[in-house]
Amino acid sequence: MAQTEYIVIRAEEDGVHVIGLTRGTDTKFHHSEKLDRGEVMIAQFTEHTSAIKIRGKAEIQTTHGQVFSETKK
Ligand code: TRP
């Protein structure tokens with residue numbers, strides 16, 4: 001079941017990837033969503049999704065606070 005918590009991801013460059021990883025014995029990518037600069041995705045952790053990986057430069061808001069992902073120079 002989906003939880004009530006949402007995380008907000010706002011892309012700060014083109015081609016940011018929001019990657020969902022499976023819940024359970026093995027942890028695999030199951031979905032990748034591409035965001036362009038300024039686009040926002042609001043996502044939940046669910047019975048299928050135990051972790052979310054952000055690739056690219058983005059602002060991320062969670063109940064734990066605000067963080068920024070960056071790209072390797
Ligand atoms: N079908 C996925 C699920 O229910 C959709 C999803 C939810 C998702 N949260 C996500 C995909 C976070 C990528 C990232 O779990």
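Atoms within a ligand are numbered from 1 in the order they appear, just like the ligands themselves.
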Using modelled atom types only, decide if a donor and an acceptor are shared between the side chain of D14 and the backbone of R37 within a distance under 3.5 Å.
yes
Is the closest side-chain donor-acceptor distance between Q44 and E5 under 3.5 Å?
no
Does atom 5 (C) of ligand 1 have a protein heavy-atom neighbour under 4.0 Å away?
no
If you have a sec, work out which protein heavy atom is nearest atom 8 (C) of ligand 1 and how many Å separate them, to one decimal?
T49 OG1, 3.9 Å
Y6 and Q61: side-chain contact (heavy atoms from CB on, under 4.5 Å), yes or no, with the steps?
CA-CA 9 Å; Y6 289 83; Q61 289 176 15; over 6 Å; no
Sub-4.0 Å protein heavy atom near atom 1 (N) of ligand 1
no
Counting heavy atoms only, name the option from A51, S50, G20 that's nearest to atom 14 (C) of ligand 1.
G20
At under 4.0 Å between heavy atoms, is it the side chain or the backbone of T46 that contacts ligand 1, or both, or neither?
side chain
Can a donor-acceptor pair be found between the side chains of H30 and T49 at a distance below 3.5 Å?
yes
Could you walk me through whether V8 and I60 satisfy the side-chain contact (heavy atoms from CB on, under 4.5 Å) test, starting with their C-alpha distance in whole Å, then the side-chain angles of each, then the deciding distance to 0.1 Å, before giving a yes or no?
CA-CA 6 Å; V8 178; I60 301 143; over 6 Å; no
Short question: side chain of E13, backbone of K57 - any donor-acceptor pair under 3.5 Å?
yes
Have a look at E33, R23, H30 and point out the one with the heavy atom closest to atom 11 (C) of ligand 1.
H30
What is the closest protein heavy atom to atom 7 (C) of ligand 1, and at what distance does it sit?
Q44 O, 3.6 Å
